[in-house]
Amino acid sequence: MATAALTSRDTRIEYLIGREQRRQSRSLSLIPSENHVSEAVLRATGSVLTNKYSEGYPGRRYYEGQAVVDVIERIAIERACDLFGVDHANVQPYSGSPANLAVYLAFLEPGDTVMGMSLEAGGHLTHGWGVSATGRWFRPVRYGVRRDTGTVDMDEVRELALRERPKLIWCGGTAIPRMIDFAAFAEVAREVGALLAADVAHIAGLIAGGAHPSPVGHADVITTTTHKTLRGPRGAMIMCDARRAQAIDRAVFPGLQGGPHDHTTAAIAVALHEAAQPAFRDYAHAVVANARVLAEELAERGFDLVSGGTDNHLILIDLTAKGVTGGQAAEALDRAGLTCNRNTVPFDPRKPLDPSGIRLGTPAVTTRGMGPAEMVEIARCVDEVVDAARRGDEGSIERIRDRVSELAEAFPVPGT
Ligand code: DSN
């Protein structure tokens, strides 16, 4: 019905949504931060809740008509607390960056020192990178990874923290293929009297499904988006213990945001319910198992994987030895229906718009039901496309596109 109404009012946008739906169905998303939500999450996201204003929190709103919205937000909070085992969850942040900004607003003053992983090593813009407000309004210091292992060196993290005395330390990021040692970060934070914030946006679904250790009990604050491995709508949450709940809530509203997106809150509640089911545990473990197979197959084909492999859903590849740039490879892979993103690699001599690497991930293809056999075929296709890109062989890329479409259409996207 919603589609029919849209068709009668705006055929252009209806056509474009249909086109995007076909693009998603006929290609494979290997972008590690993307996923395919369930029909239930889609339905909540596209519901009449988008019409409502609800500034404030359940029971303390500045607008009337909250009988339903209050219940929905309370359910979302309760489900987040149960799933992750935390005292408090704020489910209102519009997305990951605003969630992280709220942590600064809650606990720091402008000019305070913040320590995070550098962007080119796998961190996030909001962990103090220079072009972000967080790098301009605070004093950032950065840790990276070791050149020889491609992994974080906790001795280096400790030395930097002791020297720079940050008030806030971030762990987590956007291109980290290995497990995060939350306990080790907590020890460093305690030693220097810093607050530890874990940004688990990429791995929240793996944590929920028991496929990655949890930061709960180690980090003082946990931020996450809800649309990556957690497989919910585009949104975010901040979790903490009872002592920090008020500071976080005040930072989100009225500190940074106005009215929450109630349709998103409802869809987050749905996604959290789904993530609490036994099938989601299987999903989370399958994401990791698939990533491992994909990584092994790529390594066998001579791809240089940062850190040598993966422990989670994500693979970071340095393409220097393959004779193509990240931009060339990502564009060729997209033409073949394998959507990924160009990515810097640690110590990258190239610029972010055409870096040395690409980033691959298995959350979306695993949601479509793919397993190890499909990962082998994907690795084969990636290898052939990268080789064809190096040779400038568009004909081969087109032929691989047909194989990818056939594979993709055998594993439908939920809700299509
Ligand atoms: N865009 C996110 C990602 O792809 O990891 C980071 O903000």
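Residue numbers run from 1 in the order of the sequence given. In each ligand, atom 1 is the first atom listed, and ligand 1 is the first ligand listed.
Within a 6.0 Å radius of CZ in Arg234, no more than 12 heavy atoms belonging to other residues, nucleotides or ligands are found.
Aromatic ring centroids of His261 and Tyr94 lie under 6.0 Å apart. Outside the 6.0 Å centre-distance limit, the rings of Tyr62 and Tyr57 are not counted as a close aromatic pair. Taking the six-membered ring for Trp and the full ring otherwise, Phe280 and Tyr283 have centroids separated by under 6.0 Å.
The salt bridge (Lys or Arg N to Asp or Glu O under 4.0 Å) contacts involving residues 83-96 comprise nothing, where partners must be two or more places apart or lie in separate chains.
The two residues Glu34 and Pro363 have their closest heavy-atom pair at O-CB, 3.8 Å.
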If you look at each N/O of ligand 1, which protein N/O atoms lie under 3.5 Å away, and at what distance?
from: ligand 1; atom 1: 4 (O); to: Ser33; atom 2: OG; distance (Å): 2.7
from: ligand 1; atom 1: 4 (O); to: Arg359; atom 2: NH2; distance (Å): 2.8
from: ligand 1; atom 1: 5 (O); to: His202; atom 2: NE2; distance (Å): 2.7
from: ligand 1; atom 1: 5 (O); to: Arg359; atom 2: NH1; distance (Å): 3.0
from: ligand 1; atom 1: 7 (O); to: His124; atom 2: NE2; distance (Å): 2.8

